[in-house]
Peer 1: 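Right, I'll just put the structure down here and ask away after.
A, B, ... follow the sequence lines: proteins, then strands. Residue 1 opens every chain. Just the heavy atoms: all of them, side chains too, but no hydrogens, waters or symmetry mates, feed the values below. Please read these numbers as outputs of a predicted model, since none were measured by experiment.
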Amino acid sequence: MRTTRSISHSEAIAESRRCLGCYDAPCRQACPAKVNIPEFITRIREDAIQGAGELLYEACPLAATCGLACPTTTLCEGACVLQGIGQPPVRIGSLQTFAAMQYRGNDDEVGSGNGCRVAVVGAGPSSLGCAVALRRQGHTVDVYERGGDLGGLVGRVIPAHRLPQEAVDFDLERLQRLGITFYFQQNIGNAEAESLLADYDAVFLGVGLSGVNELDMPGSGLAGVISAMDFLAQARRHYRGEAEKPETGRRVAVIGGGNVALDAAVMAKHLGAERVMVLYRRGIDEMPGWRSEYSEAASLGVEFRWLSVIDEFLQAGGRVRGVTVRGMRYSAGKGDGRRGVEADPDAPLYELPLDQVIPALGQSLDEGIADCFGIERAANGTLMTGEGGWRTSKPGLFAAGECVNGGSTIVACLAEGMAAGRLIHEWLFSRDEVR
Amino acid sequence: MTKPDLNIDFAGVQFINPFIIAASPPTDSREMIARAFEAGWAGVVIKTVSPVGNYSPLVFPMMAGWQPGANLTALHNIDLLSDKLADEWMEDVAWLKRRFPQQRVIVSIVGESESDWRQLVQQSEQAGADMIEASISCPQGSMVEGESDVDGWMISQDARLTEKVTRWSVEAAQHIPVYVKITSGVTDIRQIARAVERGGASGICMIDSVEGIMGLDLATFSPLPSVRGYGSHSGMTGRAIKPIGLRCVADVVGTVKIPIAGVGGIYTWRDALEYLLLGASALQVCTGVMHKGFGLIDQLLNGMGRWMAENGYERPSQLVGLAQPRIKGVEELSPRDRVLSRIDLDACIHCGLCYVACRDGAHMAIRFGEERIPLVDEERCVGCGFCASVCPVPACIHMELVDA
């Protein structure tokens, strides 16, 4: 499947020639995984595509995925110095996926077994990064995943038009050849947590944010109200031929301003909605969704109602038939650097007829996981890690990714997981030396 | 500002401007030459003809580009002569002369024997050719019957043979001038130029393509262009050879009195002016035309005419050789000046290429910290100019003469 980042061989060669090969390249600095971008581009240009793939997978075990899913305009491409002479940045994301998906190299060299065993909880980007980093050092790594898939949200909710399944599968199939053992459908409760801590030398939590924030108001359980995560997951399964097309209204409202909201809005359009309106409580400048995704949604005709919240649901026979919308206005912030918002008494309430409402209010940590491992949580609800990063309050227990950072990019979570894996490796050795 | 008159005289022949298309594929057909004349080229040198066509069959592919694309650095070819026989060409020469009386038709010739050379000159003159170019510099080699014990494998690598062949051609011409095209691939090009002059030629054309090996096909180890897994020495032309051509013209100018037609890597009016200023009085263009088309002439004429008007020159002949006094031995250049690199930080895009080049290729005189601002350490900078050579931003770095 072609995406806006697809690039042909001839385009890739021409594009690779545009790279200046900067010293201490700003694009690399901007990359959470610190991919040596000028070097992999040089390898594309000089017809050493396998060498490019080798470099990419060394630094970024989800290379094909990240090339498509990264917010490149704010990361590598945003840092490209060519913009200083009025030229568009090198299409780094496109080149990355182009090279990654041609990589036929052997699986990563695995160090000899060293007798240490590490359990990894969750199978999203941070867990996979951690598992790869540990496996490269020769540790035995067992991954425990609650669901049935690798990749966490990567393969579940990002729309296929942005991230085709074959790119995700390419990365995940490579990962499955590294000698990591994956256990699926594993619910971790108190007893399981205890036995993991007892049975393994170290445990890593990469559980992400699996709790879906819900609209806490009457009517949110009506027929025709579906969370964006569920809607996108079903759409993704539908495109993989594993599920029916998700029910999609003619007039759809998506509630929220993050990337998941934007993805859901675009997906609703793709699935045939006539009008899709995004209701966001703040303005465009405060929207956490990436500008590139906003532009894509807007270009598809998605309408945006800024400073708008649902006042109440309107229903008929147990089905949503619309909402009343309340206007907001800015107020003094709470000292977190963001402007506050409050109901605008001058803005009239109005009715918006709808037949589907898709809340996309963000995700949060599944509270049970912190409790069953007995670790502290930060004020914002994420797992607390201490000095040096990735160590929780319990010795031998590490964490990284969205369950710690509260929400980030695939590449950042992957990089954090890899860094945590390297830290665990060092920790295991220093522990053994103390013994 | 009056518009300059771009007419030139080369070896007694008048041209409406200095630009002539060299013997090459663009001059291998009457139809193409007609289009070149319509575009405004002052003359063409018909692709080299011989009495028998090619001595061996043409092979394909015969060309390969070095860094292909709009900025093609060099073109390599294993082309030979015109496949059309001299007899066939003579009809076309006559046709072109009737159709384009203002423009000049030069016939490039090569023979294997004295009688070949003489006959080709006579035939061409009878057909109405304006001049003869004796081609003794094709990198694919050209020899003469009965001659052994010669240097190199082109005639113009051997001074004795060069003089001999020149004389045959000059003697055969009744009224039209004969000039000789020579190669840069010799130890001392001045000796060859003197041989041409001794042979009586009216002028010299330099340089021909430069012998090289374009590169290898790593699948077969064959030189490029690869013909079924084998290749050969190829003739390199285009932008990359301009410095060689300029140097050869500069070397020969003071050595002989006959005029020089400069050729080698001319793509722009600047290139053209450089050849004139170093001493060429006519110019030939080949790869530039092959690459960009006959329309290249517009840019050449416009740029040259505008520059001449702005600088107060009325005719190209006024420019010929003006740069000569500026050429000295390196040991004669002033060693006392203090030169420093100046980087325009407003233009700088902070790529760091100057930093790496200076650090590992020069004098470690540029500092480049986390803030990515290149700062010249004036204690260390000797003003070598390497930073300016690698900067990707036009006019960002220049070398400044400062008080010692």
Peer 1: Between A:Cys22, A:Gly84, A:Ala25, who has the most heavy-atom pairs with chain B when the cutoff is under 4.5 Å?
Peer 2: A:Cys22
Peer 1: Which members of residues 390-399 of chain B, sorted by number, sit under 4.5 angstrom from chain A on a heavy-atom basis?
Peer 2: B:Pro392, B:Val393
Peer 1: Can you establish whether the number of heavy atoms outside B:Glu400 located under 6.0 Å from its atom CD is more than 12?
Peer 2: yes
Peer 1: Pick whichever of B:Val356, B:Leu353, B:Ile349 has the most heavy-atom pairs under 4.5 Å with chain A.
Peer 2: B:Ile349
Peer 1: Do you know which of A:Ala14, A:Cys80, A:Pro26 has the most heavy-atom pairs with chain B at a distance under 4.5 angstrom?
Peer 2: A:Pro26
Peer 1: Closest approach of A:Leu20 and B:Cys351, non-hydrogen atoms and distance?
Peer 2: CD1-CB, 4.3 Å
Peer 1: With 3.5 angstrom as the limit, list the donor-acceptor pairs from chain B to chain A, or say none if there aren't any.
Peer 2:
unit_1   : atom_1 : unit_2  : atom_2 : d
B:Cys351 : O      : A:Tyr23 : N      : 2.8
B:Arg372 : NH1    : A:Tyr23 : O      : 3.4
B:Arg372 : NH1    : A:Asp24 : O      : 2.7
B:Arg372 : NH2    : A:Tyr23 : O      : 2.7

